[in-house]
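Letters A, B, ... are given to chains in the order of the sequence lines, protein chains preceding strands, and every chain is numbered from 1. A quick note: this is a predicted structure, and the numbers were derived from the prediction, not measured.
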Amino acid sequence: MLLIDLARTSTAVAADSARLTKIGHLAELLGRVGPDEAEIAIAYLSGELPQRHIGVGWAGLQDPPDPRLAATATLRQVDDLLDRIKAQAGPGSQAARRSLVTELFGALTRQEQTFMMRLLRSELRQGALDGVMIEAIAKASTVPTAEVRRALTLRGWLPAVGAAALSGGVEALRAFHLEVGRPVSPMLAQSATSVAAALGKLGGPAAIEWKLDGVRVQAHRSGDTVSVFTRTLDDITARVPELVEAVRALPSQDLVLDGEVIALRPDGRPEPFQITSGRVSSRVDVAQVRAKTPLRVFFFDALRVDGADLLELPGEARHAALAAAVPPELVTPRLVTDDVASGEAFFADVIRAGHEGVVVKSLQTPYAAGRRGAGWIKVKPRHTLDLVVLAAEWGSGRREGRLSNLHLGARDPRTGGFVMLGKTFKGLTDELLAWQTQRFLELAEGPTDGWVVALPPVLVVEIAFDGVQQSSRYPGGMALRFARVIRYRPDKTADQADTVDMVRSLML
DNA sequence: TTCCGACAGTGGGGTCGCAAT
DNA sequence: ATTGCGACCCCACTATCGGAA
């Protein structure tokens, strides 16, 4: 199949906002693709690459060569070239990559170039990714959607699942099963603003667990072989030897466990996320960083114990299996209750202990891998500050032509100026985007660089955030974590905005 | 007819490791 | 040694479609 077929389908998918129409276009194409190119087609049209990553990003895609007029590139040819790009390593690899990228784009028409550019930048913008592709695969292979989802849960990679469905139907999908050593898409949580709200959503007794501010891990054990995977299914076994040892020391020889690793201080309080993240990211001299920053693991779910797949079991049964397989010091602390007051008290204790929050979990729901299932609801405390808008950046995609990303500053009483603490684009409605674009342009002073519009510090905006972290990027040495807009504060002037000292007092 | 679950899109800060300068 | 870049950790929120209620 030719790349132009995919590019045309992508254009058609993007052209109509109706999901059923998108599914129709995608299914039509999947009906035409040969078995040897099905994985490539599914990957590209759901916004990913069979190679996952090829070491080329935004900077490596500048200045493509002139497009060709005739479309001749096949999926197989493009895939081979991406393989070669990914394979480059060592001195001279950047130049080699650049030259191969030029070769690739030089073989494409304008429409194909646009498609490839978006794909490689992870900005497909056709209103269809995995979720829509799942439906298209089901339609093209006349298989129930639930069967595709089930297989994806267990295999973790849609192109492989889709190719199987297209060539072998339901039978081929049924052949996918939980395999020790191959990661499962982890179950995700929804959010609520309070424990009471979370309990209300679930109705009835629920488990309230510590939410640790660390890195999600999925540990697999088969005999002496232990593998550890992240939320995105990357293998980090070599970086977390303490976890490998802990799992190997368990009596059970056959395990798949879900949990979190985190660096704790000697007094048991958590290190800032930056410390845990840095430790888990380190690949060189692991023994050395381990001695300095040991990791602890806390498991909260069991997907397999001693030959039994537990995914379909209710949460409480899975937890019972976990508690039987793992000693209590490796299990995430929890409270099972339907009493709002004791739940809120538990939450307050967790926050006092320095942790991120809690996850309220249904006792009934199965492990809904890869989806933000309604069975898990996270609750975190929310801080707010009144900050001053210092500048704004032009948005892209559906925010093109709108001033979107706000630069936020706190008042510095010593200088009378403002200290930037970070940016945010979150929490803005279309209406607010339109309003602020107009208002900012009225206020803007002086020329802009076409990207950032500087503003006089007069507008006050209420910002929610999860915490203050150390920063080497911003002049105050601190930045807000997960900042989002709550509302503008027209009732406040800039000299009533919160101060850097107040922000600094939150950084502990 | 209204409600709501799921999805896609739009980006945020920080860290590490590698290649280039 | 320092800088630029890609990849990955953590992530919040709104708009939209279409099935559920």
- [ ] Would you mind checking if A:Arg98 and A:Asp63 are paired as a salt bridge, meaning a charged N to carboxylate O distance below 4.0 Å?
- [x]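 Salt bridge flag = no for A:Arg98 with A:Asp63.
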- [ ] Let me know, please, whether A:Ser281 or A:Arg399 comes out on the 5' side of the other along DNA chain B by nearest nucleotide.
- [x]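 The answer here is A:Arg399.
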Task: G-U wobble or Watson-Crick pairing nucleotide for B:dC7 (cut-off 3.5 Å, both distances) - done: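 Answer to the pairing question: none, since B:dC7 forms no Watson-Crick or G-U pair.
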Task: Nearest to side-chain heavy atoms of A:Phe273, which nucleotide of B:dA8, C:dC11, B:dG13 - done: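 So the side chain of A:Phe273 is nearest to B:dG13.
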Open item on the list: B:dA6, OP1 or OP2 - any side-chain N/O from A:Gln190 closer than 4.0 Å?
Closed with: yes
TODO: Report which part of the nucleic acid A:Lys211 touches: base, sugar-phosphate, or nothing (heavy-atom distance under 4.0 Å, all strands).
DONE: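 If one applies the 4.0 Å heavy-atom cut-off, A:Lys211 turns out to touch the sugar-phosphate alone, with no base involved.
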- [ ] Please state whether the phosphate of B:dG9, meaning OP1 or OP2, lies under 4.0 angstrom from any side-chain nitrogen or oxygen of A:Lys426.
- [x] no
Task: Among C:dC10, C:dT16, C:dC11, the nucleotide that comes nearest once only the side chain of A:Arg398 is considered - done: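 Side chain of A:Arg398 sits closest to C:dT16.
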- [ ] Please work out if A:Asp130 contacts a base, only the sugar-phosphate, or nothing of the nucleic acid, heavy-atom cut-off 4.0 Å.
- [x]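 Sugar-phosphate contact only.
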Task: First encountered from the 5' end of DNA chain C, between A:Asp430 and A:Ala483 - done: A:Ala483
Task: Note: A:Glu242-A:Arg279 ion pair, threshold 4.0 Å (strictly below) - done: yes
Task: N or O in side chain of A:Thr429 less than 4.0 angstrom from C:dC13 OP1/OP2 - done: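 Checking A:Thr429 against C:dC13: no side-chain N or O falls below 4.0 Å of OP1 or OP2.
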TODO: With heavy atoms under 4.0 Å as the rule, sort A:Ala464 into base, sugar-phosphate or nothing.
DONE: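 A:Ala464: no heavy atom of the nucleic acid under 4.0 Å.
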TODO: Rounded off to whole Å, could you give me the NZ-to-C1' distance for the A:Lys423 and B:dG14 pair?
DONE: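 These atoms are roughly 14 Å apart.
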- [ ] Measure from NZ on A:Lys380 to C1' on C:dC11 and round the result to the nearest Å.
- [x]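 Spelled out: NZ on A:Lys380 to C1' on C:dC11 is 7 Å.
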Task: C:dC17 phosphate, OP1 or OP2, under 4.0 Å from A:Ser17 side-chain N/O - done: yes
- [ ] Give a yes/no on whether any side-chain N or O of A:Gln469 is located under 4.0 angstrom from OP1 or OP2 of B:dG13.
- [x] no
Open item on the list: Considering every strand and a 4.0 Å limit on heavy-atom distances, what is the contact class for A:Ser404: base, sugar-phosphate, or nothing?
Closed with: sugar-phosphate
Open item on the list: Can you classify the ring geometry of A:Phe298 versus A:Trp210 as parallel (below 30°), tilted (30 to 60°) or perpendicular (above 60°)?
Closed with: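 Plane angle between 30° and 60°, so tilted.
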Open item on the list: Between A:Glu271 and A:Thr276, is there a side-chain donor-acceptor contact under 3.5 Å, judged purely by atom types and distance?
Closed with: no
Open item on the list: Quick check on B:dG12: is either OP1 or OP2 less than 4.0 Å from any side-chain nitrogen or oxygen of A:Asn405?
Closed with: yes
Open item on the list: Does this structure show an ion pair linking A:Glu135 with A:Arg19, if we count only N-O contacts that are shorter than 4.0 Å?
Closed with: no
TODO: Whole angstrom is fine here: how far is it from CD in A:Glu462 over to C1' in C:dC13?
DONE: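 After rounding, the reported distance stands at 16 Å.
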Open item on the list: By nearest atom, which of the nucleotides B:dG13, C:dC10, B:dG17 is closest to the A:Val284 side chain?
Closed with: B:dG17
Task: Ionic contact status for A:Asp386 with A:Arg489, cut-off 4.0 Å - done: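 Result for this pair is yes, salt bridge flagged.
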TODO: Under 4.0 Å between any heavy atoms, over every strand shown, what does A:Val215 touch: base, sugar-phosphate, or nothing? Just pick one.
DONE: sugar-phosphate
- [ ] Could you tell me whether A:Thr230 contacts a base, only the sugar-phosphate backbone, or nothing, with contacts defined as non-hydrogen atoms closer than 4.0 Å?
- [x] sugar-phosphate
Open item on the list: Counting only side-chain nitrogens and oxygens, does A:Ser277 get under 4.0 Å of the OP1 or OP2 atom of C:dC8?
Closed with: no
- [ ] Look at the side chain of A:His53 and decide which nucleotide, out of B:dA20, C:dA7, B:dG17, has an atom nearest to it.
- [x] C:dA7
- [ ] Give A:Thr232 one of three labels, base, sugar-phosphate or nothing, depending on what nucleic acid heavy atoms sit under 4.0 Å from its own.
- [x] sugar-phosphate
Task: A:Gly395 or A:Ser472, whichever maps to the more 5' nucleotide of DNA chain B - done: A:Gly395
TODO: Please tell me which of A:Leu20 and A:Gly427 maps to the more 5' nucleotide of DNA chain C, matching each residue to the nucleotide holding its nearest heavy atom.
DONE: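 Its nearest nucleotide being more 5', the pick is A:Gly427.
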Task: From B:dG13, C:dC10, C:dA12, nucleotide with atom closest to A:Arg231 side chain - done: C:dC10
Task: Between P of B:dC7 and CZ of A:Arg125, the distance in whole Å - done: 21 Å
TODO: Using a 4.0 Å heavy-atom cut-off across all strands, classify A:Gln470 as base, sugar-phosphate, or nothing.
DONE: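 Touches sugar-phosphate only.
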Task: Gap between atoms CZ and P, on A:Arg283 and C:dC9 respectively (whole Å) - done: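 About 9 Å, once rounded to whole Å.
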Task: Candidates B:dT10, C:dC11, B:dT15 - which lies nearest the side chain of A:Gln274 - done: B:dT15
Task: Protein-nucleotide distance (A:Leu433, atom CG; C:dC13, atom C1'), rounded to Å - done: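 That distance rounds to 12 Å.
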Open item on the list: Counting the atoms with a prime plus P, OP1 and OP2 as sugar-phosphate, which does A:Lys86 contact under 4.0 Å by heavy atoms, base, sugar-phosphate, or nothing?
Closed with: nothing
Task: Side-chain donor-acceptor pair present, A:Ser404, A:Arg399, cut-off under 3.5 Å - done: yes
TODO: Determine the contact category for A:Asp234: base if any of its heavy atoms lies under 4.0 Å from a base atom, sugar-phosphate if only primed atoms, P, OP1 or OP2 are that close, otherwise nothing.
DONE: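 If one applies the 4.0 Å heavy-atom cut-off, A:Asp234 turns out to touch the sugar-phosphate alone, with no base involved.
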Task: Atom pair distance, as rounded to whole Å: CG in A:Leu152 and C1' in B:dA6 - done: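 Between C1' of B:dA6 and CG of A:Leu152: 14 Å.
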- [ ] Write down the distance between CD (A:Gln126) and C1' (B:dC7), rounded to a whole number of angstrom.
- [x] 13 Å
Open item on the list: A:Met420 vs A:Leu408, test: side chain to side chain contact (heavy atoms under 4.5 Å, CB included). Steps then yes/no.
Closed with: CA-CA 6 Å; A:Met420 186 168 171; A:Leu408 305 169; 6.0 Å; no
TODO: Return no unless some side-chain N or O of A:Arg473 is found under 4.0 Å from OP1 or OP2 of B:dG14.
DONE: yes
Open item on the list: At 4.0 Å (heavy atoms only), tell me whether A:Arg484 reaches a base, stays on the sugar-phosphate, or touches nothing.
Closed with: sugar-phosphate
Open item on the list: Measuring from the side chain of A:Ser93 (C-beta onward, heavy atoms only), which nucleotide among B:dC16, B:dG13, B:dA19 has the closest atom?
Closed with: B:dA19
Task: Touch class at under 4.0 angstrom, heavy-atom based, for A:Val132 against every strand present - done: sugar-phosphate
